[in-house]
Amino acid sequence: MEIRGSRRAVVLPVAVLLVLAALAVVLTVAARGSAGPPRAAGGPTGAAAGTPTGPTGPAPVDLAARVDGYTAGFGPATGYTAPDAVQRRAVADGVLRTVEGRPQEAGQALAQAGYRLTEFTEAGSGRRVAEIADDPAAAQGRGWGRVYLDLSAPAGWTVQVPHPVSDSRTEHLGVELFRAAPGGVLVLAGAHRKAGEGGSSDPAHRADTVFAAVVEALTARGLPGIQVHGFDEGSLPGQDAVVSSGTGPAGAAAELTAGGLGQAGFAVCRAWREKCGQLEGTTNVEGRFAAGLGVPWLHVELGNGLRTEPGRRAAVAEVLAATARSWSRS
């Protein structure tokens, strides 16, 4: 009898515990279901305008497609509105504040020129990127351009694209180079070089543009730069590319870039050793500014095939990325 009684004493509590455990599971599942999916950290504030969202937050943005969409309508007849000095300074200040990690101050400066700062994860590189562009609610279509900053590393160099579309696919090369080396700042002109009256929309030869103001502000901070251009091979037979330091002395970066392009199988004209036609960048305003400060700067002219054929363009981007990485290490 004592044995039977002790068995009942053990069985009853075990049964009760099993029921309570099952009830706890049911209540936990119900609570999770009512809470909905987890929210992305930071909420929607970091999403770029028009970015699709998924269950865990904004989807990554393909920068190449974004730049393609922006430049698709560029042409000689699309028009251009010249910025005044205050507007140029406001955008340049906004870029500098972003480089310094002060986004709130950057936004305040940019708003003065009808610009805004947004952030997104870039699909091609997986890095966080800041975009400085016209605010659609304030102003757009003026042709002042955009700036993209890699937020994954301290800003260390720039890639400058003054003639998107008119120098075919240089905007694509700019994106590929930006993706290939950390710490880059991509400065992209906002209009066809012939859109403005009297050459006013050609930022490689006009200092009164937003493009020039941004590049000069970054150069003044010591950031070296690579400016990419395109030429018709018929204007310089037998050459695929021209590498120059503009009016500045040829340094290690120029030698590294020319050597890398040569090793990739391209015929390279080195402007510090030989005549390269009218493709040496000596009248370029950004190059003259950099030379005046002693900051490394490269003017790289590329034949049509090196810009429009994806495989050859990728090879060029990797050579230029090696130069950019050399600056980051110095």
Peer 1: My understanding is that only residues two or more places apart in sequence, or in another chain, count here; which of them pass side-chain contact (heavy atoms from CB on, under 4.5 Å) with D167?
Peer 2: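 Checked D167 against side-chain contact (heavy atoms from CB on, under 4.5 Å); matches are H163, T170, R193, H229.
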Peer 1: Strictly distance-based, threshold 3.5 Å: is any side-chain N or O of W157 a donor or acceptor partner for the main-chain N or O of A321?
Peer 2: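 Judged by distance alone, no pair lies under 3.5 Å.
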Peer 1: Flag the pair R270 and E280 as a salt bridge only when some basic side-chain nitrogen lies within less than 4.0 angstrom of an acidic carboxylate oxygen.
Peer 2: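 Salt bridge: no.
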Peer 1: Decide side chain to side chain contact (heavy atoms under 4.5 Å, CB included) for V161 and F178; before the verdict, give the C-alpha distance in whole Å, the side-chain angles of both, and the deciding distance to 0.1 Å.
Peer 2: CA-CA 11 Å; V161 185; F178 177 77; over 6 Å; no
Peer 1: Does one side chain, of Q160 or W297, offer a donor that lies under 3.5 Å from an acceptor on the other?
Peer 2: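 Note: Q160 and W297 side chains meet the donor-acceptor criterion.
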Peer 1: Counting neighbours of CD on E255 that are heavy atoms of other residues, nucleotides or ligands and sit closer than 6.0 Å, is the number greater than 12?
Peer 2: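 Counting other residues, nucleotides and ligands, CD of E255 exceeds 12 neighbours.
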Peer 1: Quick check against the 3.5 Å criterion: does D135 have a side-chain atom that pairs as donor or acceptor with the backbone of Y115?
Peer 2: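 Checked: no pair found.
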Peer 1: Start with the C-alpha distance between R88 and D208, add both sets of side-chain angles, then the distance that settles salt bridge (Lys or Arg N to Asp or Glu O under 4.0 Å), and finish with yes or no.
Peer 2: CA-CA 8 Å; R88 297 195 301 270; D208 57 349; 5.4 Å; no
Peer 1: R128 side chain to D150 main-chain N or O, any donor-acceptor pair under 3.5 Å?
Peer 2: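 Not confirmed, R128 side chain does not pair with D150 backbone.
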Peer 1: Please enumerate all residues that pass ring pair (Phe, Tyr, Trp, His ring centres under 6.0 Å) together with F266, with sequence neighbours excluded.
Peer 2: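 Listed in chain order: nothing, the list is empty.
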Peer 1: Return yes if some donor-acceptor pair links the side-chain N/O of S201 with the main-chain N/O of H192 below 3.5 Å, else return no.
Peer 2: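 Yes, the answer is positive, given that a donor and an acceptor are paired below the 3.5 Å cut-off.
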Peer 1: Is the backbone of A212 close enough, under 3.5 Å, to the side chain of T209 for a donor and an acceptor to pair up by distance?
Peer 2: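 Side chain of T209 to backbone of A212: a pair is present.
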Peer 1: Decide yes or no for P103 and E105: does some side-chain heavy atom of the first lie under 4.5 Å from some side-chain heavy atom of the second?
Peer 2: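 Not in contact.
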Peer 1: Does the distance from a Lys or Arg side-chain N to an Asp or Glu carboxylate O, for E318 and R325, drop under 4.0 Å?
Peer 2: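 Salt bridge flag = yes for R325 with E318.
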Peer 1: Run the side chain to side chain donor-acceptor pair (under 3.5 Å) test against E309 and tell me which residues pass, sequence neighbours left out.
Peer 2: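 E309: no side chain to side chain donor-acceptor pair (under 3.5 Å) contacts found.
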Peer 1: Holding to ring pair (Phe, Tyr, Trp, His ring centres under 6.0 Å), I want the full list of residues that pass it with F74, two or more places apart in sequence or in another chain.
Peer 2: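 Ring pair (Phe, Tyr, Trp, His ring centres under 6.0 Å) list for F74, sorted by chain: Y70.
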Peer 1: Starting at CG of L320, measure out to CG of L256 and round the result to the nearest 0.5 Å.
Peer 2: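 Here the interatomic distance stands at 9.5 Å.
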Peer 1: Can any side-chain N or O of R313 pair as donor or acceptor with the backbone N or O of R307 at less than 3.5 Å?
Peer 2: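 A pair under 3.5 Å: yes.
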Peer 1: The criterion is side chain to side chain donor-acceptor pair (under 3.5 Å); which residues satisfy it with E301, sequence neighbours excluded?
Peer 2: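 None.
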Peer 1: Would you check if E171 and V165 make a side-chain contact, meaning some heavy-atom pair closer than 4.5 Å?
Peer 2: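 Yes. Closest side-chain heavy atoms under 4.5 Å.
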Peer 1: State, without any angle test, whether T282 and T247 hold a side-chain donor-acceptor pair at a distance under 3.5 Å.
Peer 2: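 Checked: T282/T247 side chains show no N/O donor-acceptor pair below 3.5 Å.
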Peer 1: In terms of heavy-atom contacts, does CD of Q104 have more than 12 from other residues, nucleotides or ligands at under 6.0 Å?
Peer 2: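 Atom CD in Q104 is not crowded, with 12 or fewer foreign heavy atoms closer than 6.0 Å.
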Peer 1: Evaluate L173 against L302 for side chain to side chain contact (heavy atoms under 4.5 Å, CB included), listing each step before the verdict.
Peer 2: CA-CA 10 Å; L173 176 60; L302 300 162; 3.3 Å; yes
Peer 1: Examine the side chains of E197 and S200 and answer whether a donor and an acceptor come within less than 3.5 Å of each other.
Peer 2: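 Note: E197 and S200 side chains miss the donor-acceptor criterion.
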Peer 1: Donor-acceptor pair, distance only, cut-off 3.5 Å: does the side chain of D84 make one with the backbone of V86?
Peer 2: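 Between the backbone of V86 and the side chain of D84 there is a qualifying donor-acceptor contact (under 3.5 Å).
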Peer 1: Quick one: does W144's side chain get under 4.5 Å of Y80's, heavy atoms only?
Peer 2: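 Yes, close enough: below the 4.5 Å cut-off.
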Peer 1: For the residue pair R288 and T283, what are the closest heavy atoms and their distance?
Peer 2: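 Closest pair (atom of R288, atom of T283, distance): NE-CA, 3.9 Å.
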Peer 1: Taking side chain as C-beta onward, heavy atoms only, is I132 less than 4.5 Å from V214?
Peer 2: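 No; the side chains remain at least 4.5 Å from each other.
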Peer 1: Do the side chain of D232 and the main chain of S235 share a donor and acceptor less than 3.5 angstrom apart?
Peer 2: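 No: the side chain of D232 does not pair with the backbone of S235.
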Peer 1: Please determine whether a side-chain nitrogen of the Lys or Arg among R97 and E100 lies less than 4.0 Å from a carboxylate oxygen of the Asp or Glu.
Peer 2: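 Salt bridge: yes.
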Peer 1: For T81, enumerate each residue passing the side chain to side chain donor-acceptor pair (under 3.5 Å) test, keeping only those at least two apart in sequence or located in another chain.
Peer 2: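 Partners of T81 under the side chain to side chain donor-acceptor pair (under 3.5 Å) test: none.
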Peer 1: Does any part of the side chain of L117, heavy atoms only, come nearer than 4.5 Å to the side chain of T98, both counted from C-beta?
Peer 2: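 The answer is yes, as the side chains (C-beta and beyond) meet within the 4.5 Å cut-off.
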Peer 1: If we ignore angles and hydrogens, is there a donor and acceptor under 3.5 Å between the side chains of E233 and N304?
Peer 2: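 N304 and E233 do not have a side-chain donor-acceptor pair below 3.5 Å.
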Peer 1: Sub-3.5 Å donor-acceptor pair from the side chain of E131 to the main-chain atoms of F120, do we have one?
Peer 2: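 Looks like no, no N/O pair under 3.5 Å.
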Peer 1: Does a side-chain N-to-carboxylate-O contact under 4.0 Å join R89 and D93?
Peer 2: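 Salt bridge flag = yes for D93 with R89.
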